*Asks:* 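Right, I'll just put the structure down here and ask away after.
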Amino acid sequence: MRILVTGKNGQLGRSIQKTVNTDTKIGNNQSPNDFIFVGREDIDLSSESSISNYFGNNDKFDLIINCAAFTQVDKAEQEAELANQINHLAVKQLASIASNQHARLIHISTDYVFDGESDKPYIETDTTNPINVYGRTKLSGEKALQKVMPLNAIIIRTSWVYSEYGNNFVSTMLRLGREQDELSVVNDQMGSPTYATDLAGVILEIIRHKKFRDIDQTTQIYNYSNEGEISWHEFAKEIFKLVEIDYKVSPITAQQYPTPAKRPRNTFMNRDKIVKVFNIKISNWKSSLNTCMTILKKQQ
Ligand SMILES: NC(=O)c1ccc[n+]([C@@H]2O[C@H](COP(=O)([O-])OP(=O)(O)OC[C@H]3O[C@@H](n4cnc5c(N)ncnc54)[C@H](OP(=O)(O)O)[C@@H]3O)[C@@H](O)[C@H]2O)c1
């Protein structure tokens, strides 16, 4: 299998690289050498010609895993066109290339396709209604992909991704903890954190699964996050608990912390479908956070 992974310097791209190189089960169906990781220096997703040149100059792939995206939610409000190019038009182009190459496509999307107004966990077929530019561009990407590739693709909607790499909520909290005496964190937005290494493992499990290997299956959406529904405030408190810092983290409302992009109030997603279809085990958010923090502590 030739597997192309975009976004090699992002949280998920790096976590897939780490997992591919350490996962002993990888030998069942493929080897680490099957994976080709590319960053924006190889394919610039904001440029149609960069995308077509890359695929024109390389052998065909069997699978494309698209981890790259315009992920800066607030910045997207100002840079809507660029966000749309990367999160929507580039996804459409990748789907069209995958289809022409008879390759499969695994694409990552977001809980921000929902407006967050439901009091029940979102299932994959629930009505979408994004409330910010990032969410709208990601939803357009999903829809374009489904239209161009009605078969042989998977969309995984995930939420609140963090890792030991790059900028994310965990690294931001740890930085602010060093810079400030106390912190106020929003407690009326609920969701589920996702440790990027867990998501990377799930993607590799899916690839190994016989269900994924059946050809010409209808393109599907799956929700995936770690287990548990919390607020950002609870997430922050647990981070400081794990680094054993007695730090004052006060709860505030989203209204008290205005941001350029509106955030959905509750994006808790039901994960039954992915569990059932691919026999996935989902870790609890606290144990996954603990794993990440242990790695971060070792790096210090
Ligand atoms: N982070 C979250 O909380 C979250 C939540 C829900 C869903 N998701 C989705 O999960 C996926 C993975 O997210 P992540 O957290 O791993 O994101 P990330 O750490 O921000 O990584 C995104 C990657 O996309 C690359 N990229 C951006 N613009 C590009 C361009 N024009 N051409 C090529 N590459 C470009 C970036 O490259 P550079 O490194 O060069 O900038 C970066 O490596 C994305 O689809 C995201 O929408 C993320």
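Order of appearance sets the numbers: ligands from 1, and atoms from 1 within every ligand. Please read all numbers here as calculations on a predicted model, not as lab measurements. Residues: numbered from 1 along the sequence shown.
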*Asks:* Is there a side-chain contact between Arg2 and Ile36 (heavy atoms, below 4.5 Å)?
*Replies:*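 Yes, at least one pair of side-chain atoms sits under 4.5 Å.
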*Asks:* Where the closest heavy atom to atom 3 (O) of ligand 1 is concerned, which of Val38, Thr194, Val161 has it?
*Replies:*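 Checking each option, the heavy atom nearest atom 3 (O) of ligand 1 is found in Val161.
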*Asks:* Could you tell me the residue and atom name of the protein heavy atom closest to atom 39 (O) of ligand 1, and the distance to it rounded to 0.1 Å?
*Replies:*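 Answer, as residue, atom name and distance: Asn9 CB, 3.6 Å.
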*Asks:* Can you tell which part of Leu45 has a heavy atom less than 4.0 Å from ligand 1: side chain, backbone, both or neither?
*Replies:*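 The part of Leu45 near ligand 1 is both the backbone and the side chain.
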*Asks:* Which label fits Phe278 and His209: parallel for a plane angle under 30°, tilted from 30 to 60°, or perpendicular past 60°?
*Replies:*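 Correct class here is perpendicular.
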*Asks:* When you compare ligand 1 with Gln11, is there at least one nitrogen or oxygen pair between them that comes in under 3.5 angstrom?
*Replies:*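 There is such a contact, yes.
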*Asks:* Do ligand 1 and Thr110 have nitrogen or oxygen atoms that lie under 3.5 Å from each other?
*Replies:*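 Checking ligand 1 against Thr110, no N or O pair falls under 3.5 Å apart.
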*Asks:* Looking at Glu124 and Arg157, is any side-chain nitrogen of the basic one under 4.0 Å from a carboxylate oxygen of the acidic one?
*Replies:*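 Salt bridge absent between Arg157 and Glu124.
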*Asks:* For ligand 1, which atoms sit closer than 4.0 Å to a heavy atom of Ile86?
*Replies:*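 In order of number, 28 (N), 31 (N).
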*Asks:* Are Ser109 and Glu142 close enough that a side-chain donor and a side-chain acceptor fall under 3.5 Å?
*Replies:*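 Their side chains do contain a donor-acceptor pair, which is all the 3.5 Å distance test asks for.
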*Asks:* For ligand 1, which atoms, with element, lie under 4.0 Å from some heavy atom of Ile43?
*Replies:*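 Listed by number with element, the hits are 32 (N), 33 (C).
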*Asks:* For the backbone of Ser287 and the side chain of Thr291, can you confirm whether one donor and one acceptor N or O come within less than 3.5 Å of each other?
*Replies:*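 Side chain of Thr291 to backbone of Ser287, a donor-acceptor pair under 3.5 Å: yes, one is there.
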*Asks:* In the protein, what heavy atom is nearest to atom 47 (O) of ligand 1, and what distance, to one decimal place, separates them?
*Replies:*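 The answer is Tyr134 OH, 2.7 Å.
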*Asks:* Closest approach of Ala95 and Val148, non-hydrogen atoms and distance?
*Replies:*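 That would be C-CG1, 3.8 Å.
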*Asks:* When you measure from atom 11 (C) of ligand 1 to every protein heavy atom, which one gives the shortest distance, and what is it?
*Replies:*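 Checked against all protein heavy atoms, atom 11 (C) of ligand 1 sits closest to Ile108 CG2, 3.6 Å.
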*Asks:* Got an N/O contact under 3.5 Å between Lys8 and ligand 1?
*Replies:*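 It does not: no N or O of Lys8 is found under 3.5 Å from an N or O of ligand 1.
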*Asks:* Using a 4.0 Å heavy-atom cut-off, say whether Phe70 meets ligand 1 through its side chain, its backbone, both or neither.
*Replies:*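 Neither part.
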*Asks:* Using a 4.0 Å heavy-atom threshold (strictly under), name the region of Cys67 that reaches ligand 1: side chain, backbone, both or neither.
*Replies:*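 Only the backbone of Cys67 comes within reach of ligand 1.
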*Asks:* Give me the nearest non-hydrogen protein atom to atom 17 (O) of ligand 1 as residue plus atom name, then the distance to 0.1 Å.
*Replies:*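 Among all protein heavy atoms, the one nearest atom 17 (O) of ligand 1 is Thr71 CG2, 3.4 Å.
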*Asks:* Does only the side chain of Ser109 get under 4.0 Å from ligand 1, or the backbone, or both, or neither? Count heavy atoms.
*Replies:*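 Backbone only.
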*Asks:* Give me the residue, atom name and distance of the protein heavy atom closest to atom 16 (O) of ligand 1.
*Replies:*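 Checking every protein heavy atom, the shortest distance to atom 16 (O) of ligand 1 gives Leu12 N, 2.8 Å.
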*Asks:* Could you tell me whether the side chains of Asn226 and Ser283 share a donor-acceptor contact shorter than 3.5 Å?
*Replies:*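 No, Ser283 and Asn226 have no side-chain donor paired with an acceptor closer than 3.5 Å.
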*Asks:* Checking side-chain hydrogen bond (donor to acceptor under 3.5 Å, both in side chains) between Asp115 and each of Thr128, Asn129, Thr127, which is the one that passes?
*Replies:*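 Per the side-chain hydrogen bond (donor to acceptor under 3.5 Å, both in side chains) rule, the option paired with Asp115 is Asn129, out of Thr128, Asn129, Thr127.
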*Asks:* Among all protein non-hydrogen atoms, which one is nearest to atom 40 (O) of ligand 1, and what is the separation to 0.1 Å?
*Replies:*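 Ranked first by proximity to atom 40 (O) of ligand 1 is Arg40 NE, 2.9 Å.
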*Asks:* Of Trp232, Trp285, Tyr162, Tyr195, which meets ring pair (Phe, Tyr, Trp, His ring centres under 6.0 Å) against Phe169?
*Replies:*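 The residue from Trp232, Trp285, Tyr162, Tyr195 that satisfies ring pair (Phe, Tyr, Trp, His ring centres under 6.0 Å) with Phe169 turns out to be Trp232.
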*Asks:* If you count the atoms of ligand 1 from 1 in the order shown, which ones are under 4.0 Å from a heavy atom of Asp44?
*Replies:*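 So the answer, numbered in order with elements, is 30 (C), 31 (N), 32 (N).
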*Asks:* Pick out which of Asn168, Asn167, Thr194 makes a side-chain hydrogen bond (donor to acceptor under 3.5 Å, both in side chains) with Gln11.
*Replies:*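 Filter result, single survivor: Asn168.
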*Asks:* Closer than 3.5 angstrom, by distance alone: can the side chain of Gln93 be matched with the main-chain N or O of Glu48 as a donor-acceptor pair?
*Replies:*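 Judged by distance alone, yes, a pair lies under 3.5 Å.
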*Asks:* Judging by distance only, is a nitrogen or oxygen of Lys138 under 3.5 angstrom from one on ligand 1?
*Replies:*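 Checking ligand 1 against Lys138, an N or O pair does fall under 3.5 Å apart.
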*Asks:* Pick one: which of Asp62, Leu94, Ile43, Asp42 meets side-chain contact (heavy atoms from CB on, under 4.5 Å) with Leu4?
*Replies:*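 Considering Asp62, Leu94, Ile43, Asp42, a side-chain contact (heavy atoms from CB on, under 4.5 Å) with Leu4 is found only for Ile43.
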*Asks:* Have a look at ligand 1 and work out which part of Phe169, if any, has a heavy atom under 4.0 Å from it: side chain, backbone, both or neither.
*Replies:*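 Near ligand 1, Phe169 shows nothing, with every heavy atom at 4.0 Å or more.
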*Asks:* Would you mind checking which non-hydrogen protein atom is closest to atom 43 (O) of ligand 1, with the distance to 0.1 Å?
*Replies:*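 In this structure, atom 43 (O) of ligand 1 has Gly10 N, 2.9 Å as its nearest protein heavy atom.
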*Asks:* Tell me the protein heavy atom at minimum distance from atom 22 (C) of ligand 1, and give that distance in Å.
*Replies:*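 Here the closest protein heavy atom is Ala69 O, 3.7 Å.
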*Asks:* Considering the heavy atoms of Ala68, write down every atom of ligand 1 situated less than 4.0 Å from one of them.
*Replies:*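 Reading through ligand 1 atom by atom, the close ones are 23 (C), 24 (O), 25 (C), 34 (N).
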*Asks:* With under 30° as parallel and over 60° as perpendicular, where do the rings of Tyr112 and Tyr134 fit, or are they tilted in between?
*Replies:*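 Rings of Tyr112 and Tyr134: perpendicular, over 60°.
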